[in-house]
Amino acid sequence: EENLKEVPVAPPYNLSEYFKQFLFPQNECELHNFRLSFSQLKWDKWIIAPHRYSPQYCKGECPRVVGHRYGSPVHTMVQNIIYEKLDSTVPRPSCVPAEYSPLSVLTIEPDGSIVYKEYEDMIATRCTCR
Amino acid sequence: PHSRGRIVSDKTSGLLVAPEDNAGELNPLLWLPKGVRRGYALLPPLLKVLSDRGPQSWESEAPRLQPDSRALRYMKRLYKMSATKEGIPKATKSHLYNTVRLFTPCSECKHRHRDLMKDIHSVDLLFNLDRVTALEHLLKSVLLYSFDTSVPISSSIKCTCHLSIKEHDFSGQVCPSISHSIAFSLHFEVRKRKWVEIDVTSFLQPLIATKRRNIHMAVNFTCLMGDPQQNTKLENPVNVALVPPSLLLYLNDTSEQAYHRWNSLRYRRKNPVRPRRRNSLHVDPAGDKEKDSQGKRASRQRR
């Protein structure tokens with residue numbers, strides 16, 4: 001009963017969001033959606049396809065003990081210890097992409113020829129701390 | 001990846017710099033050889049823009065020649081067949097190429113002569129392949145013909161194509177002399193899409209392998225309506241070669257920036273970060289054999 005008193009009251013209709021904050025820590029390293037269209041960059045004159053491109057990005061804090069959840073190398077934990085115990089000018093591990101998927105692009109070359117090309121590592125699909 | 005597309009002056013990584021970029025800092029041995037910046041200029045366009053010079057400089061370059069609308073339509077169809085809506089290469093496509101280039105001829109010398117029975121079209125075509133980079137290796141080359149609307153759909157056509165490569169002798173004449181040639185005949189049904197792909201890989205391979213930048217060929221096309229197999233009489237010459245063919249090159253780009261389908265498969269096998277999904281659609285580079293070998297391996301391990 002005492003615990004209940006301390007728990008902040010949340011509007012009933014948002015219960016799943018309310019409980020989520022206890023399950024997952026906030027602002028932790030994760031993949032975020034980001035979608036752009038080449039017309040925004042005024043590249044659509046020569047990029048014929050795709051019209052839209054979702055590169056995504058990684059953002060968030062890296063927890064102290066990363067372990068298997070992020071697939072981080074052991075060095076990540078060592079860097080954390082250096083930051084906390086030895087030299088705080090050494091940055092904490094960063095939240096960066098760990099895996100990508102390719103992107104196919106159809107473009108017009110300056111000489112008017114047309115090229116279809118598959119580019120490596122153009123869409124972030126998973127994040128890690130390192 | 002953002003550091004890959006850029007030449008940086010970075011002592012520790014040992015990356016090289018272009019001579020005019022603060023070369024004073026590094027000893028001349030580490031300078032890029034002259035002309036590499038020109039090679040740099042041939043980076044795929046997307047990477048060139050993403051690299052340090054930014055989109056504005058790209059737009060300020062010479063105006064872009066507009067491609068032939070038929071060619072554009074064909075390449076859009078190829079794109080839809082090869083990539084998903086999000087633009088990701090389709091995993092089910094087990095094609096080896098990661099680059100396809102379509103060139104339209106940049107100059108023509110037309111000859112047209114007609115005799116009683118046939119309508120013969122002969123045209124000299126010059127293709128400029130400057131955009132093909134040293135790391136793009138030819139897998140297949142195709143002459144792409146499109147029919148004009150006058151040909152009825154699903155009609156049976158017999159064509160004879162006479163292809164010859166021309167070499168410039170330095171007398172400076174516009175249409176140079178013939179060096180080697182090939183003749184073959186085609187029989188096909190005109191489908192809804194009205195494209196005919198003529199595989200000329202073996203014919204062009206020696207030229208493209210020697211990094212020839214200009215390919216000059218004469219194409220002699222004769223078509224008659226009718227189906228020789230069903231003994232229908234060949235009659236009614238067909239007006240097929242009005243639009244000069246485009247040249248389609250299927251290439252494998254071995255540069256680091258290009259997607260290497262097989263590498264990513266191998267990587268996934270070595271580092272299964274996630275449990276492998278039983279039903280994942282693996283593209284099987286070695287065909288069914290591999291599945292068997294996996295089955296055998298599993299049974300051997302079980303034994």
Side-chain angles (χ1 to χ4, degrees), chain A residues 31 33-58 66-73 94 96-128 130, chain B residues 1 4 44-47 49 55-56 58-59 61-68 71-72 74-76 78-80 82-90 97-104 106 127-132 136 246-247 251 253 255-261 263-264 267-268 271 273-274:
Chain A
L31 186 69
N33 275 331
F34 186 87
R35 192 166 212 201
L36 62 88
S37 79
F38 287 114
S39 53
Q40 283 170 279
L41 297 167
K42 295 193 180 45
W43 290 357
D44 52 335
K45 281 200 276 313
W46 57 278
I47 294 185
I48 308 297
H51 296 299
R52 277 181 290 282
Y53 167 34
S54 305
Q56 326 297 30
Y57 67 93
C58 295
V66 284
H68 70 281
R69 197 162 94 190
Y70 285 98
S72 301
S94 309
V96 292
E99 209 178 78
Y100 299 91
S101 75
L103 179 73
S104 297
V105 183
L106 190 66
T107 56
I108 298 176
E109 297 271 47
D111 64 359
S113 63
I114 306 168
V115 59
Y116 164 87
K117 195 177 268 291
E118 297 171 348
Y119 290 93
E120 187 88 289
D121 302 339
M122 291 292 279
I123 302 172
T125 53
R126 199 168 64 78
C127 298
T128 185
R130 56 176 59 191
Chain B
R4 255 189 236 149
L46 185 62
L47 300 186
V49 169
Q56 291 71 19
W58 179 263
E59 282 172 8
E61 277 192 16
R64 204 172 280 271
L65 295 175
Q66 282 310 300
D68 169 61
L72 203 51
Y74 183 85
M75 289 301 277
K76 280 181 182 173
L78 184 136
Y79 184 88
K80 274 195 191 124
S82 308
T84 64
K85 266 214 187 75
E86 291 74 38
I88 297 172
K90 285 181 179 172
Y97 59 85
N98 55 20
T99 302
V100 180
R101 288 186 177 280
L102 187 143
F103 297 91
T104 44
C106 42
F127 292 101
N128 177 289
L129 306 186
D130 272 349
R131 302 306 295 178
V132 180
E136 293 177 352
S246 304
L247 179 64
L251 302 152
D253 183 347
S255 68
E256 210 183 287
Q257 295 81 17
Y259 173 48
H260 302 290
R261 191 176 302 283
N263 277 358
S264 61
Y267 169 75
R268 239 181 260 150
N271 299 316
V273 175
R274 285 189 227 105

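Chain naming here is simple, since letters A, B, ... match the order of the sequence lines and numbering starts at 1 in each. Values below: every heavy atom of this structure, side chains too, minus hydrogens, waters and symmetry copies.
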Please classify the contact of B/Leu72 with chain A as side chain, backbone, both or neither, using a heavy-atom distance under 4.5 Å.
both

Going through the distances and angles, do B/Arg131 and A/Asp111 end up as a side-chain contact (heavy atoms from CB on, under 4.5 Å)?
CA-CA 8 Å; B/Arg131 302 306 295 178; A/Asp111 64 359; 3.0 Å; yes

Nearest-0.5 Å distance that lies between atom CE in A/Met122 and atom CD in B/Gln257:
10.5 Å

Max heavy-atom pairs within cutoff under 4.5 Å with chain B, candidates A/Pro102, A/Pro97, A/Ala49, goes to A/Pro102

Where do A/Ile48 and B/Lys76 land on the side-chain contact (heavy atoms from CB on, under 4.5 Å) test, with the steps shown first?
CA-CA 8 Å; A/Ile48 308 297; B/Lys76 280 181 182 173; 3.4 Å; yes

With only heavy atoms counted, which part of A/Ser101 is less than 4.5 Å from chain B, the side chain, the backbone, both or neither?
side chain

Per-residue contact mode, A/Ile114 against chain B (heavy atom under 4.5 angstrom):
both

Look only at the side chain of B/Tyr79 and the backbone of A/Ser104, and say whether a donor-acceptor pair between them is shorter than 3.5 Å.
yes

Starting at NZ of B/Lys85, measure out to CZ of A/Arg52 and round the result to the nearest 0.5 Å.
10.5 Å

What one should report as the nearest heavy-atom pair of B/Glu86 and A/Leu103 is O-CD1, 3.8 Å

So, taking the atom named OG1 in B/Thr99 and the one named OH in A/Tyr116, what distance separates them when rounded to the nearest 0.5 Å?
9.0 Å

Nearest heavy atoms of B/Tyr259 and A/Glu120, plus distance in Å
CD1-OE1, 2.9 Å

Taking the side chain as every heavy atom from C-beta outward, state whether B/Asp253 and A/Lys117 have any atom pair closer than 4.5 Å.
yes

Euclidean distance, B/Ile88 CD1 relative to A/Glu118 CD, rounded to 0.5 Å:
11.5 Å

